[in-house]
Every structure is written in C-alpha cells, then in structure tokens.
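Dumping the structure here so I can ask a few things about it.
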Number of protein chains: 4
Amino acid sequence: ADVQNSADTRHIAIDKVGIKDIRHPVRVKDRSEGEQHTIANFNMYVNLPHNFKGTHMSRFVEILNLHEREIGVESFKEMLGEMAERLEAEAGHIEMSFPYFINKTAPISGVQSLLDYEVSFIGEISDGKPKMKIKVIVPVTSLCPCSKKISERGAHNQRSHVTVTATTRDFVWIEELIDMVEGQASCELYGLLKRPDEKYVTEKAYDNPKFVEDMVRDIAAALNTDDRISAYIVESENFESIHNHSAYALIERDKEKDQLVDS
Amino acid sequence: ADVQNSADTRHIAIDKVGIKDIRHPVRVKDRSEGEQHTIANFNMYVNLPHNFKGTHMSRFVEILNLHEREIGVESFKEMLGEMAERLEAEAGHIEMSFPYFINKTAPISGVQSLLDYEVSFIGEISDGKPKMKIKVIVPVTSLCPCSKKISERGAHNQRSHVTVTATTRDFVWIEELIDMVEGQASCELYGLLKRPDEKYVTEKAYDNPKFVEDMVRDIAAALNTDDRISAYIVESENFESIHNHSAYALIERDKEKDQLVDS
Amino acid sequence: ADVQNSADTRHIAIDKVGIKDIRHPVRVKDRSEGEQHTIANFNMYVNLPHNFKGTHMSRFVEILNLHEREIGVESFKEMLGEMAERLEAEAGHIEMSFPYFINKTAPISGVQSLLDYEVSFIGEISDGKPKMKIKVIVPVTSLCPCSKKISERGAHNQRSHVTVTATTRDFVWIEELIDMVEGQASCELYGLLKRPDEKYVTEKAYDNPKFVEDMVRDIAAALNTDDRISAYIVESENFESIHNHSAYALIERDKEKDQLVDS
Amino acid sequence: ADVQNSADTRHIAIDKVGIKDIRHPVRVKDRSEGEQHTIANFNMYVNLPHNFKGTHMSRFVEILNLHEREIGVESFKEMLGEMAERLEAEAGHIEMSFPYFINKTAPISGVQSLLDYEVSFIGEISDGKPKMKIKVIVPVTSLCPCSKKISERGAHNQRSHVTVTATTRDFVWIEELIDMVEGQASCELYGLLKRPDEKYVTEKAYDNPKFVEDMVRDIAAALNTDDRISAYIVESENFESIHNHSAYALIERDKEKDQLVDS
C-alpha cells in the first residue's frame, strides 16, 4: 500500500499541502487581442485532514499537464474544482502569476508599444464554493507634493509599484484594474515615448503630485464604487529617488463585513 | 503649514503607512555569545486616521538613527511604543529581518563552524498593547520516505526551508525555535563536515525519512507543547532534487482561539 | 537641436549604452513543436564614440515594437544588424532571456509533462560581423560519490544548476545543449513522475554519482566533440543538501585560441 | 584513499572549483569609525589541474572558520594565499560582498543618518601574485537633461545604481570610491532629510541634470586621474521613472594596456 495512504495518528490537520513554483505556459483573455500567450508560475495546495498521512503530489502536476499545452484561463475555476476532487480534499487553493502585456499608445505622438504588468489569479475553493481574487502590480510614476511645494524648481519623482488585490463577485478585466490604478497615479508609464510625449508625461506628473497616501486613497475610492469587487487590498511602494528606501502605504477593506456593521 | 498636516476629506483611513526596506546595523541577543552584530532590513508602519492627509516619513528614519549606531534588540519593544508616540498613531508595526549565526559542532569530529539563518522580529502595537512574533527560516535536509521505500538503493533528498512564525507570550531564544525545527528534520545542516561527519549525516537522513507533511506536523507537535507560544504558522518548502518545483506544506494554529472553542 | 546629438568634449567613448530589463513576448523555434510562445527579458546596447553626447534610447524600444507582436527568433540576427544601423553604431549587443519548455516523457510509465529551462540568446555585432552565443541553465540531480562511498546506506543528493554558454559557428538546437547536460548528470529532472519512475530516478542517481568537478568535465568533454561550438563556459552549482552553501565549478575554453597555440 | 585524490584521466583542467554563497560575519575598515561589523557573502575558488579528480571542499569552509568569529579584512590578502596553499592550487579567487554603512550629514539641517552601500572585495592570486579589486554599488539620483530642456516645468528623475569595479595598485578607502560617484551624480542620497534638505536636494538635482552617458563618463574621468587605480569598469543603471525598464551605460578601461599602446 502507498505510504501516503496510511493512517496518521498525530491528530494534526494540514492547512495547505501541495506544489510550489512550477511554471507552465498559459493563454490569458485579453480585452483587445482576444487572448495572449504567457508563462505562469503556479502554487497549488489542498488541505489534508488529520487522519491522512500524505497527499498525492504527482496529481497536482497531472492536472497542469492534462489540458492542451497552454492552460486557458477560462478553465481556472474548473481546475480548482478538479484539483479538490482528484485530491479528495474539502479545500483547495491555486495561485497563478504571470507577466501580462498591454499595447499602449503614447499620449501625443500616438506611437504604440507594449508595457508589462505582473498579474496573479488566486482561487480558493471550500466545500465546493469557489472564491476568486485578481492581483495586479502596476508600475507608475509618483511625484512628491512636498518636494514640489517647497522647491523653487523641480520635484523629486520615481517609479512606484501599486498592487491591487481584488476579491471579485463578477468578471473584471485585468485591464479595468490597471486603468483604475493608472488613472490615479501622477502619471502612467509607457515603453516608448517620443520627444513631445516625454514633455507631456514630465509636465503631467509635475501637475499631478501625489503622496503615497494619496495614491492608495484615490485608488481605494475608485475600488469602492465598483460593485463587482467585494473586498480589496491596495498598496503602493515608492522607490524614492532621494532615499535608498521605499515609502509604503496599504489600505484593506472588506465591503461585505462593512455592510454587516453598518446595517 | 505642512502639506502633510492638512485635513483630508476623502474619509478613507490608511491601515499602514511608513517606510520599507531600509537597512541598519543591529546587535541581537545570542544564547551562547551574549550578543552578535548583524545587519537588519526594517519595515516600519503606522495607521493614519481618515482625517489626516499624510504621515511624517522622516520621523521613522529618525527613530532608527536616534540610538547608538547599532540598534540593540532589547529596545525593539521600546521602538514600537516610541514610533507610535512620535507619529501620533494608535497602531504601529515594525519588522526587522536579519541573518543570524550559530556556531555548530559537527556530530562526530566535533569541528566547529557557523551556520546562517534568516530571522525576523515582527512587533505590532495597538492602543498601547504590543504583540510580538519571531520568525525563523531554518535550512535542513529532507529525505523522501516513498523514494526510500520503493527503491532498492538510495533515496532522493534535498535542502528544505522550514519557516516558523511564532507569536510569543514570553521570551523565547531564537536558538530554541531553531532547535525545535532541526530536531524534527531528516537531518540538520552544518557549514563544515569532515569525512566521518558526512557519513553520519548521510546515514542519519536515510534512517529518518520525512515527507513535507511529516516535517510540519512534527514541528507543530513540538510547538503545541510550549506554553510561551500562543500561536504559530509552520511551513516547509522542499526544493525537490528530482523535480524543478518545490513540495510545500503549512499548518497554522492560534491556541487562544482553540481554547475558546474547547471550553 | 537634440541634446543627445551635441558634441562631447570629454574624449571618453562608451563601450555599451542602451536599455536593460525590458520584457517582450517572443516566439522561439522548438525542435518538436515547430515553435513555442514565451516571454523574454531584453538588454540592448550599442557603443558610443567619444565625440557623441548621447544615444537615442527610444530607438531601441522601437526596434522591439517594429515587428509583429511576438518577436520571432529567426529575426534575432537581423535585429542585431538593424539596431547597429538605426543607432549608427559600429558595435551592438543584444541579450534575450526566456523560460523554455520541453515536453518530457517519464522513464518507465511514459507519462508526459513539461519541464522549464532558462535560456538566453546573446548576440554581438562588430563592424557588421555577428557572433552568437546560446546560454542554457539546466536543473539536474547530482549525487555525491564521497557520501555514497563512505556511507553504509544512502547518499546525499540535491538539485543542481548547470549553465552552458556556447559560442556557436552554426545552428544548434536549444534541445541539443540540454541533452548534452542531462546526459552527464547523476539524473535528469521531470515535472511528473509516477511511482515506478521515482524508483528509476532514485536508483539511477545512486548508480551514477558525480562530483561537481565530474559534471563540468563530462559536459566539457561532450562540448569538445561538437564542431559547431567554437568556445564555451560550463558551470555547475550544486545546492548541497547537507550544507547551506553551494559547491561550484567552472571550465572555460576557446577552441580557436587553443588551435592557434597547438599549431 | 580519498575519492577526491584519485587520478583523473579525462585530461580536462578546471578553471574554478570551490564553494559559493556562504555567509560569514566580518569586520571591515571604516575611514571614520575605525571599523564596522557586517555580514559577507563569500565565493571561494581554486583551479584544479587536469590530473586531479577533485578538490577538498571542506578546507574552504575551514579557512573561513579558522580565524576569530569575525573575519578582519586586513587578512583578506592572507586568506587568498592561505587558500591557494591549503588547497595546493596555483590560482585562487575570493569574492566577499557585504552591505557597508556611511554616516551621512544632511546638506542643510546637518542631521545625521546611515546610508547603505553594497561593496565587494575580489581577490585573485596566480603563482603567488595577488590582484585586488573593489566593487561598490552606489545608489544616487539622476535627472534627465532632455526632459528638463523640453518641459516647461519639472523633469523626470529616479534612483540609479552606479557600479564601479576598480583594480587597485594601492590602498583605496571604500569611501573614496563612493565619493567619486556621488560627486558626479545629479544628487547623492540620504537616509534622513528634513524639509530644507529636501528643498536643497530637489533643486540640486534639477540644476545638475545628467544622462546615463554623462554619469559614466564623468566618473570615468575621475577614475582616470587616480593613479592607485590601474583598471576599472563603471556602469550606471537608471530605473527610469517614466518607463518600466532601465537606461544603462558601461565604460571599461585598462590603463596598463592603454599605456603599452601609447608608448
């Protein structure tokens, strides 16, 4: 008999057990292109009741390799259910993280170029009920309001990483979350900028200074108005151009809990 | 007037705001040497009520540079209170992560060498009440019971990272947490091993096979018996020598919640 | 006039100037599938004579975005020439690094699964003459001959990263370089192994122990016999399962220089 | 007899063999404090003639642990010779990389705070002759001349990493190399800045715009005038605040070769 199937007498259940950091090609739905090919890093876990000695590690890898070569993301929820079933588990968890590209148009010249973002789908299933989160890391420009106000000329600015982790009730495009973030930054980034574009983004950032606190609040305000999002964490990390450390802020909100409290 | 001190009308409080990834030399208490010098990476955050526009970023850095050049860890709790006070915040959070060295003795030859571990102190204060966590990442050997059982000779083994994050009611030595982990691994690691030591660790790991599930359960069992620890997360990541991905398991337990449920 | 085009009077030429760490989707030729989609990280540099103040950074990004969405690798050499021309440079350098997948068949059960490798194409052009290198990082199992010999049972083994950087005179499949490495390791890795496969790889590694020195020498011997490869560096890093550091070895050889010396 | 000592018949010498990524506490000479405690990562390699099967891995670790707990840097050259001797090698190579702190004074308020740098000592010995390199990674502010010139207000700026790898004939303080870099940047960084300091650094960077090309040239010019430095590589990577990629430039010079050519 399998070692993994033998009974376990320590009476300690395991919250998560599975495989971590396995890469696989995937296809992801793309608002403008239909879909795009990319490479994802997967973590796949199930729970293990106290009376089972071990899980079946090879089955996780089988699930990844069952489908055609590239895993389509429409099957992400199915994969969650499939995993729980094949592993005979009550609860399951899959994270897939991948670079995602958007073809952006420069603000003045109109030249086009791709910009890359880091995106994760995080799915959890418990007693057959799935719960989905999308996480995007959006690189933007932030320009410091204090530096601008006190200085006779110039203002320090830098690249920042804004991370939104949204629990979704309904389908949300990756592009929609990215738009919410880019709309609130001092300025958004581009791969390719011609001279008049560079003038535009320099002046736009200067005219639109934001503290790390402003960035997370303004994005939180946008997330608050979208009913498809039931909970979120928004973070901003500014890689300060005048220091060797980051400025950081985080807001976390669960709208469903808040409603319970309000009513 | 300061831009940061102006009123904010968005009515959105910020859970954490501060500085991230700033390095500073520290001194840490050491069970055998008295103390050791090392370098820590700090994250320092406070909450910000909805009616304040910004926090005072420079005060965080001031707190790090207030003390003598090396921050002593006996002052970690004080730093938490000091930070909340100087930033006029109800809640504060400090993480400091550093490499920590233990002088280990090889099992047969008795030769001595340093081994490095990654340790974090995580302090949270809320309404004046501090809560402390210690996190250690302990590298160990794991040897696969299944591979041993089915094979006529040999068994695959690998380096694993075991992470324990312990919420402590009382003082716990870093060395005590490391001992709990190393005592449950297939074998512990050493910087320096002579030939008879290498024979010993090879045979010890072979005689002591553990699945990733066994490792987290056996360490959880040890953590369960220590009353100074009120809650913990134990994780193991095995960098499988036969795959290009990791096997992973996690157990989380809050003893105080469990007691409430039991009684 | 452009700031970049003004004359420079410092009399210092720049060896490399350009863009670093820009990601773009690519298609790579695949021995079994025709081609595969993946994501590459690019570094693109040219030289700059002492009398020019600056290069034209946006042109590098233009070259990446000129082609259809995914850059085909058949156009890698063309891109090199195109870059040198558009940037009016005598010398150019492009590195593109990407995860690459091979569909592997488990040794006994025959189940199939993808395994990921890190591959780089490194192209240099100087006075119109291109020079191409392929670099592959191949994860394998290494098993220690000393540990096996001195121990009554078992032997420590671990995951190792073997890196081959080959200067090629002629077309070489990525798969060919990977085969050369996997053929010389204690055992190769797989994504998915069933029980009889796990028995096979455990015993194969045990029967085929290799020091880090053996690994690089045996691969060097294989590279020596391939006339399409004019120079190489082979490295192995073994993430020792009994230590918290790596064992490492490197052999570098330029066959053309050696011939000059020999003749 | 030892497996490692047996003869090898493949006729392939190994350029570098040893240990990689082992950490150890060290003490480094400090221009203002006498010395400072820090943590170093070591790579230690020797060559291995074609007729020896293997090196003695444990001797490398012994050398690190021979001295008192913290390795003093005055003994770095000795360690090189010692390693070559104990490993019976003609050539040896040691790299030690560590965070290094300087207590900086803010430009207007005079408040003091530590800033961290990444420093490496790289020693090579061949036939008893040692050769020493110091490498420093200095984080600075860079402000774009083009963005400033074309924009009516503001200019994009960002954190940059300048790396100098200097081959030294004579003793050079780490602080001297850092000063050369900081003196040529748009502005240097500080841990702690009060309001008038922030005004100063903002305006200084704005008044002192530099392309990535300017930065490496101006530092090269400074390195050219220092006779204690016989060769160098200077690199700058600007983490562009308007893009999601870096601008990069590199100058390499060997003064001794240049002299041969000139004369």
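The chains referred to below are lettered A, B, ... by the order of the sequence lines, with proteins before strands, and numbering in each begins at 1.
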| Minimum heavy-atom separation for A:Leu114 to C:Pro25, with atom names? | CD1-CD, 3.4 Å
| said: I'd like to know whether OH of A:Tyr117 has more than 12 heavy-atom contacts from other residues, nucleotides or ligands below 6.0 angstrom. | reply: yes
| query | Do A:Ile39 and C:Phe101 come close enough that some side-chain heavy atom pair is under 4.5 Å? | reply | yes
| said: Only pairs of heavy atoms separated by less than 4.5 Å count here; which of C:Leu193, C:Val111, C:Val61, C:Ile19 has the most with chain A? | reply: C:Val61
| query | What distance do A:Ile22 atom CD1 and C:Ser113 atom OG have between them, rounded to the nearest 0.5 Å? | reply | 7.5 Å
| field | Separation between CG of A:Leu115 and CZ of C:Arg23, rounded to the nearest 0.5 Å | value | 10.0 Å
| query | For C:Lys104, does the NZ atom have more than 12 heavy-atom neighbours from other residues, nucleotides or ligands under 6.0 Å away? | reply | yes
| request: Please indicate whether C:Lys204 has more than 12 foreign heavy atoms, meaning atoms of other residues, nucleotides or ligands, lying under 6.0 Å from its NZ. | output: yes
| message | Just so I know, are the side chains of C:Gln112 and A:Asn65 near enough to count as touching, which here means a heavy-atom distance under 4.5 Å? | response | no
| remark: Rounded to the nearest 0.5 angstrom, the NZ-CD distance for A:Lys194 and C:Glu62 is 3.5 Å
